Structures are given as structure tokens and as C-alpha cells.
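Right, one structure below, let's go through it.
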2 protein chains.
Amino acid sequence: MGHLHVPLLNKITLFEGLPAATLARIAEAAGVQRFSNHGFLFREGEEPDFVYSFLEGGIVLVSGAEGHEAVIEFYGPGESVLLPAAILGMPYLLSARASSDGQALLVPASKLRALMNEDAALAARCARVLSQNWRALITQIKEIKTHGATARLAHFLISQADRSKGPATLVLPGMKKEVAQRLGIKPETFSRTLKKLRAFGVECDGDAIRIASMERLTALVDTLPA
Amino acid sequence: MGHLHVPLLNKITLFEGLPAATLARIAEAAGVQRFSNHGFLFREGEEPDFVYSFLEGGIVLVSGAEGHEAVIEFYGPGESVLLPAAILGMPYLLSARASSDGQALLVPASKLRALMNEDAALAARCARVLSQNWRALITQIKEIKTHGATARLAHFLISQADRSKGPATLVLPGMKKEVAQRLGIKPETFSRTLKKLRAFGVECDGDAIRIASMERLTALVDTLPA
DNA sequence: GCATGAGCTTGACATAGGTCAAGGCCGGGA
DNA sequence: TCCCGGCCTTGACCTATGTCAAGCTCATGC
């Protein structure tokens, strides 16, 4: 846990807009950790020692036994994970596996909890970030409960695309297998569904996707039954 | 928005353990609203004017068009809903429909936001409650992605039961139709699955359920394939 | 350069769960 | 009291998605 430059903290959404004094106190206690692709940063059931925020690279949150796991969500640069476990001091519900090489900023959970109780700005910031996380999960649950595989995949592609009109591109945030499980379907179904979308202007080369027309894809979603 | 007794606030988990001064300021701005069964307290897309906390009775959070809706979760006395929308000042992602007559405590969203920025105890409390909400949703997503209808129903019954050993009872927190959708299945499937569980000591009379042996039901879950 | 294996695709087939349609049951209103 | 309309159950049938089993392709290490 070295001496850290405050500017690093500015890359993290969680710490956005906090007063300099607060940032300084966080920086004091924080450290940086490198991680490499496919490695686990932490596992389900462990006690939360840190909040992880990503400076570079990303991870995928998974749960369950290897080979039979559910993928919850992908996280990348600027984002933080497992704030809830750290705040409550309860065991992680999920494991994090790196989906690329990268580095994370680690803030000790105990330090964060202590600061939150004194510093309204920090606590309020945490509440806002948690609120956004909550909304993201709600969106995912609605999606799973109301749409079939095709619509889910289409929505996902739309949400990841770099533009919202005309042609767009994106690169999948993890292995196809992982994206499939994020969507709640099997890799085989993912593959077949993606193929179906070719008829609607979705081309795929490795983990890069090209969407010929966002409008066309959006229109497709409305057409779909479930 | 009348003059309110602070003791009412003590019934709400969200406000647990807050200093008297904070409670007084919240009470000042809060009001009570009665609602009756099947009525909507608010609808998806509306601007968040209040945080709702339930003193009596409960609601079900739903989304989507009537007749084609997804049920997200049930909430009852002591619990609060839509803190995230209120904190962020963004439109509700969900609608709330009463699942019984009751009354709710309403705290203006603007007031809550203002207080949070000054009062670390309140902000930290919000963060903790949001953290718990987050974990509940994660549990639900894991459940949907990794278990079939039978296991999901069994888990749900276990989570609602009044005891964790031996025989137990529970009453469903809403119409069977709603519980089904909460579990991500259709009412017909719910009915059939519940019937299957009869072979494992689950009896059902209206919305009251009797579980002959929690151990037996727990054991069943492990047996199940998906 | 070749063998190896992970990740992906494809096909044939199986099945959980959805859909459609008919009652049964029960409670509220005339 | 009877009728009507929700809600739930049941049965027959259908389909989206999962399962199993080859292949294919590409990167890696020998």
C-alpha cells in the first residue's frame, strides 16, 4: 500500500466529484494491483478486504462451480466492483475473473467504511453508484424475464455498440461463452442466435461485431414475439 | 404532509439507528398515504417524487405492459422501495401495485437528497440498505440463470418459510400468478410445479403453504439436475 | 512444421417450459 | 339467491432452448 497519486483516483467513477481532502485520505490507504488474464481477483465466499476499481483491463463477475457457472456482468476501466460486500462486511456473493490483463486500484474495505461514516460526500457518492448498479441489475432481470434469446442478444449488442444510429461496431467484453452466460443462454444457442442476426445486418469476426444499421436491429427487437 | 411522530420512522429499516436530529428533520417532511389492494402507487417512467416505506401491507414491483408483465420482487412492512430512483432523480424503472390494503410513509425525494449531502449517517445508512438490495437482486439473477423451475420454487418456499428446520408454514406474498412471474415462470407451470412438490411434503391451501420437513425440501434442491 | 487443445460452430435430437383451451372454484354484486 | 368474472388447475400439444457429439480453426509449444 504505497504512496499514491490522487490523479489515479480521478479515473474511477466511484470517486468522481469528491473533495480533495477526501481523495487524499483515500489515496493514502489505497494500493494498485496488477492482474493477468483468466486469473481470479477474488472468489465467492471470501471476506471482503478491498473494493476493486479498474484502471486498465476488466473482469467478469461469475458465480457457481467452474463449468457450471453463471455470468453476472462485465466490468471495465473506471468501474468498481463489490462495493456492497465491502460496505456490509459480508462475504462476496461472486467471484471475479480477469477478462484481460490489467490493473486495479484497491481500497481497503475497513477504511472505506470508516470514511463513509464521517464524510457525507463520500457516503452519498457510494449511494449514487450503488443506485446505478441496482438499476443495471433491474434492467437485466426484466430482460431475462420478458425476452427470448434473440431479443436479449440484440439488446445486448445495442447496449454495447459505439453509436446509436446508422452503422456501428463493438467488441465483445469477454469470450463468447461468457457473453452467452451473461445473457442466460448456452454457448451453442449464442452461436446459432448470432447467426440468425446475420440476416439483420450483424456481422461477426472473432470478438468484433459490425452492425450495419442500428435502426434495423432496434426495429427487429420490437418485431420479436417474446 | 403533516406533523409526524418520529416513532413511525422507527418501524422502517431504512431509518434504523439514525440520530434523533436526523429523524426529526425527516419526520418534518414526511407524510403517510393509505393505499388499497390492487391499486398502483406509482408507475414505470414517472418522475420520483417520494421514497415509499411500508408501515402496513405490501406491494409488488412489476414492469412491462399489463398482461405481459414481469414481477421483480415483493415488499412488505418495514421495507422501502425505489430509493435508487429517488437518489438519482431518474424515472422509475418499475411500477408498484398494492398486494393488500396498507399504508406507506412518503419521504420527498428532494428532501432525502438534500439531507444525504449533509448527513453522513443518513447517507451511509442509504448505502447499506442499497447494498442489501443489490445482494438480493444478485441472488435472484444467480437463481434464474442456474436453476430450473422446480429448484427455483423450492428455494423460494424455503426463503419464505417461518422456520428453517422441521415443519414450517408460510403465506405467499401475492397472487400465485405474481409469485410465478417473480420466479420467471408462467402461472400454469407454477401450478404444475407446486403439484410435483406435493410428493416432497409441500401442501397448499389457497395462499397458505405447509412444508412437512424443511430438511426434505432442502435435500430435494441438491438432487435436482439444473 | 506439426501436433495439440481451447474455443467456436454445426447438426441431430431431447425436454422443460410455454401456449391454448376447458373446466372448476370461489367471492362479490344485483 | 343466483350469476358473473377472476383466479387457479388440468390436459394436450408445441417450440425454444438445452444436450450430445462431431468437426473446424487458430494459436501455442514442441
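Naming convention: chains lettered A, B, ... in sequence-line order (proteins, then strands); numbering from 1 in each chain. Just so you know, these numbers come straight off a predicted model, no measurement behind them. Keep in mind that the numbers below use all heavy atoms, side chains included, and drop hydrogens, waters and symmetry copies.
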Interatomic distance where CG belongs to A/L172 and C1' belongs to C/dG7 [whole Å]: 13 Å
Intermediate values then yes/no, side-chain hydrogen bond (donor to acceptor under 3.5 Å, both in side chains), B/D162 and B/T169: CA-CA 6 Å; B/D162 58 353; B/T169 61; 3.1 Å; yes
Ion pair check, A/R97 and A/E69, cut-off under 4.0 Å: yes
Whole-Å distance separating the CG atom of A/N37 from the P atom of D/dA27: 15 Å
Side chain of A/E188 - closest among C/dT10, D/dT17, C/dC8: C/dT10
Earlier contact from the 5' end, DNA chain D, for A/T193 and B/F190: B/F190
d(NZ, A/K176; P, D/dC24) in whole Å: 18 Å
Touch class at under 4.0 angstrom, heavy-atom based, for B/G206 against every strand present: nothing
Phosphate OP1/OP2 of D/dT10: any B/K195 side-chain N/O under 4.0 Å: yes
Whole-Å distance separating the CG atom of B/D205 from the C1' atom of C/dC26: 13 Å
Closest to side chain of A/K186, choosing from D/dC7, C/dT9, D/dT19: D/dT19
Integer-rounded Å distance: C/dG7 P and A/Q181 CD: 12 Å
Among D/dT10, D/dT17, C/dT10, the nucleotide that comes nearest once only the side chain of A/T189 is considered: D/dT17
Given D/dG18, C/dT9, C/dG18, the nucleotide with the shortest approach to the side chain of B/I185: C/dG18
Below 4.0 Å: OP1/OP2 of D/dC8 and any side-chain N or O of B/K177: no
Parallel, tilted or perpendicular: ring planes of A/H147 versus A/H155, cut at 30 and 60 degrees: perpendicular
5' priority, DNA chain D, between B/H38 and B/R198 [closest heavy atom]: B/H38
Nearest-Å distance for atom pair CE/C1', residues B/M175 and C/dC26: 15 Å
Side-chain-base donor-acceptor pair under 3.5 Å for A/R192 and D/dT19: yes
Atom-pair distance (NZ on A/K145; P on C/dG18), nearest Å: 12 Å
Aromatic plane relationship, A/F74 with A/F156 - under 30° parallel, 30 to 60° tilted, over 60° perpendicular: tilted
Side-chain ion pair, B/E44 and A/K142, N-O less than 4.0 Å: yes
Spacing between A/L183 atom CG and D/dG18 atom P, to the nearest angstrom: 11 Å
